[in-house]
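First comes the structure, then the notes that go with it.
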Amino acid sequence: MAALSGGGAPWRRGWLPALQLVRRGSKAVTRHWKAMHFQRQKLMAVTEYVPPRAAVPPRCLTPKRETREEDNGYARLLRRQVEEVFRDNRMVAVCQYNSMPDEDVVLMRHYLRKHNIEVKFVLNEIIRPVLSQSKYKNLVPLFVARNILLVSPETKAKEMLRVLKGVPQVNLLGACIDDTILSRQGVENFAKLPPLEASQGQTVGALALLPSQTSSLLQLGSLHLTALLDQHIHQLQAEEAGSPAEPPQSLGTH
């Protein structure tokens with residue numbers, strides 16, 4: 001370094017070589033779109049594949065029959081069970097089921113079983129074809145997500161709503177009670193009705209009241225006439241005996 005930095009050396013600070021390699025211009029870009037040459041276009045048009053025409057028009061051919069896949073025995077068994085559920089139970093409620101712990105599911109089933117209400121897990125691909133061919137086809141739009149059925153041979157709508165009130169993961173969508181399709185609001189209104197025995201007793205009492213009033217009104221005239229005739233006979237017998245007749249008793253109006 002001392003030799004290079006000496007006074008007689010030609011090197012100087014800041015000295016640059018006279019020859020510098022500087023690359024000018026841009027890189028070659030080959031990705032720009034370029035129109036195809038017209039001769040190549042003619043060649044591509046001439047060599048384009050043209051499929052041959054069919055010897056017989058398609059409309060004259062015999063249509064192919066669609067091969068229907070046969071259901072396996074397990075699917076038929078599940079559909080038969082769904083039919084039995086709707087046939088043997090008076091109340092079938094459709095609920096949307098969200099994920100919940102197994103302990104909560106067991107607890108919900110326990111509370112519902114106290115009121116003779118069973119929980120049925122069903123598949124949409126099984127129950128939708130069954131309902132679409134029955135009188136319950138209006139329930140098909142309810143089976144979209146994961147659903148469960150709450151079934152009971154009795155109409156325990158009030159007890160079912162009381163249990164579902166404590167299970168927010170299960171939402172009531174609708175129900176079929178005594179072959180009548182009801183919405184959620186309809187089920188709530190049905191639960192507010194009195195029991196069937198009480199309604200029957202009220203109906204019988206109302207029907208028995210009218211005949212009793214009618215009977216009393218029809219007997220009123222005959223009873224009044226009988227009382228008048230008895231009083232008249234008593235007066236006649238008193239006159240024949242020569243004794244003073246007793247004053248007539250006042251008859252009260254009914």
Side-chain angles (χ1 to χ4, degrees), residues 68-207:
R68 184 178 180 181
E69 297 181 358
E70 297 182 359
D71 297 334
N72 52 13
Y74 182 64
R76 290 195 298 270
L77 175 62
L78 294 178
R79 292 176 182 175
R80 192 180 304 114
Q81 290 178 354
V82 171
E83 294 176 356
E84 293 176 357
V85 165
F86 279 86
R87 183 175 62 250
D88 301 338
N89 295 279
R90 295 178 58 189
M91 184 184 73
V92 180
V94 184
C95 301
Q96 181 183 4
Y97 176 78
N98 299 313
S99 179
M100 56 189 301
D102 296 339
E103 295 80 4
D104 295 346
V105 176
V106 174
L107 193 61
M108 180 188 68
R109 282 189 164 184
H110 172 69
Y111 288 142
L112 290 174
R113 196 175 290 113
K114 284 184 176 180
H115 305 290
N116 198 15
I117 302 175
E118 297 292 336
V119 180
K120 302 288 185 181
F121 287 85
V122 294
L123 299 175
N124 294 340
E125 55 269 19
I126 296 297
I127 193 171
R128 287 177 66 92
V130 176
L131 296 180
S132 60
Q133 299 176 1
S134 64
K135 59 183 178 181
Y136 309 108
K137 57 184 178 181
N138 291 334
L139 290 174
V140 174
L142 300 180
F143 293 90
V144 177
R146 192 177 182 186
N147 302 98
I148 60 174
L149 299 180
L150 305 181
V151 301
S152 174
E154 304 175 2
T155 57
K156 298 292 188 68
K158 184 182 299 183
E159 293 79 359
M160 179 187 66
L161 292 176
R162 188 184 304 117
V163 175
L164 293 182
K165 189 176 181 180
V167 187
Q169 293 86 354
V170 179
N171 302 320
L172 179 64
L173 301 178
C176 179
I177 301 178
D178 289 336
D179 293 337
T180 302
I181 298 176
L182 301 175
S183 62
R184 178 186 178 89
Q185 186 64 35
V187 176
E188 294 177 354
N189 296 336
F190 180 83
K192 297 177 182 178
L193 297 177
L196 181 60
E197 293 76 9
S199 300
Q200 291 176 349
Q202 294 176 0
T203 304
V204 172
L207 294 177

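These numbers come from a predicted model, not from an experiment. Just so you know, residue 1 is the first one in the sequence shown, and it goes up from there.
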Next on the checklist: Rounded to the nearest 0.5 Å, what separates atom CG in Leu149 from atom CG in Leu139?
Outcome noted: 9.5 Å

Checklist entry - Which atoms form the tightest heavy-atom contact between Ala175 and Ala93, and what is the distance? => result CB-CA, 3.8 Å

Which side-chain N or O atoms in residues 102-118 pair as donor and acceptor under 3.5 Å with protein atoms at least two apart or in another chain?
none

Checklist entry - Do Val122 and Ile148 come within less than 4.5 Å of each other through their side chains, counting heavy atoms only? => result no

Checklist outcome for this item: One should read off an interatomic distance between Arg128 CZ and Asn147 CG, to the nearest 0.5 angstrom, of 9.5 Å

Next on the checklist: Can you tell me how far apart CG (Leu182) and OG1 (Thr180) are? Round to the nearest 0.5 Å.
Outcome noted: 6.5 Å

Checklist entry - Would a distance-only check, ignoring hydrogens and angles, find a side-chain to backbone donor-acceptor pair under 3.5 Å from Asn124 to Ala145? => result yes

Next on the checklist: Let me confirm one number: the CD-NZ distance from Gln133 to Lys137, rounded to the nearest 0.5 Å.
Outcome noted: 11.0 Å

Checklist entry - Got a sec, which residues hit ring-ring contact (aromatic ring centres under 6.0 Å, His included) with Tyr97, two or more places apart in sequence or on another chain? => result Phe121

Checklist entry - Closest heavy-atom contact between Ala191 and Lys158? => result O-CE, 3.1 Å

Checklist entry - From Arg162 CZ over to Lys156 NZ, what is the distance, rounded to the nearest 0.5 angstrom? => result 10.5 Å

Checklist entry - Does the side chain to side chain contact (heavy atoms under 4.5 Å, CB included) test come out yes or no for Val170 and Met100, once each step is laid out? => result CA-CA 9 Å; Val170 179; Met100 56 189 301; 4.3 Å; yes

Checklist entry - Do Asn72 side-chain atoms and Ala75 backbone N/O form a donor-acceptor pair below 3.5 Å? => result yes

Checklist entry - In terms of side-chain geometry, is the basic nitrogen of Arg184 or Glu188 positioned less than 4.0 Å from the acidic oxygen of its partner? => result yes

Next on the checklist: When you compare the side chain of Gln185 with that of Asn189, does any pair of heavy atoms fall below 4.5 Å?
Outcome noted: yes

Checklist outcome for this item: Exactly one of Leu173, Leu164, Leu142 clears side chain to side chain contact (heavy atoms under 4.5 Å, CB included) with Cys95, and that residue is Leu164

Next on the checklist: Suppose we screen for ring-ring contact (aromatic ring centres under 6.0 Å, His included). Which residues come up paired with Phe86, at least two apart in sequence or across chains?
Outcome noted: Tyr136

Next on the checklist: Are the side chains of Asn171 and Asn98 in contact, using a 4.5 Å heavy-atom criterion?
Outcome noted: yes

Next on the checklist: Using 0.5 Å steps for rounding, measure from the CG atom of Leu123 to the CZ atom of Phe143.
Outcome noted: 11.5 Å

Next on the checklist: Less than 4.5 Å apart, side chain to side chain, heavy atoms only: is that true for Lys135 and Asp179?
Outcome noted: yes

Checklist entry - Can you name the nearest heavy-atom pair linking Val144 to Pro141, along with the distance? => result CG2-O, 3.3 Å

Checklist entry - Would you find a donor on one side and an acceptor on the other, under 3.5 Å apart, between the side chain of Arg90 and the backbone of Glu154? => result no

Checklist outcome for this item: In short, Val130 meets Val82 closest at the heavy-atom pair CG1-CG1, 4.1 Å

Next on the checklist: With a 3.5 Å distance limit and no angle check, can you tell me whether Asn89 reaches the backbone of Val151 through a side-chain donor-acceptor pair?
Outcome noted: no

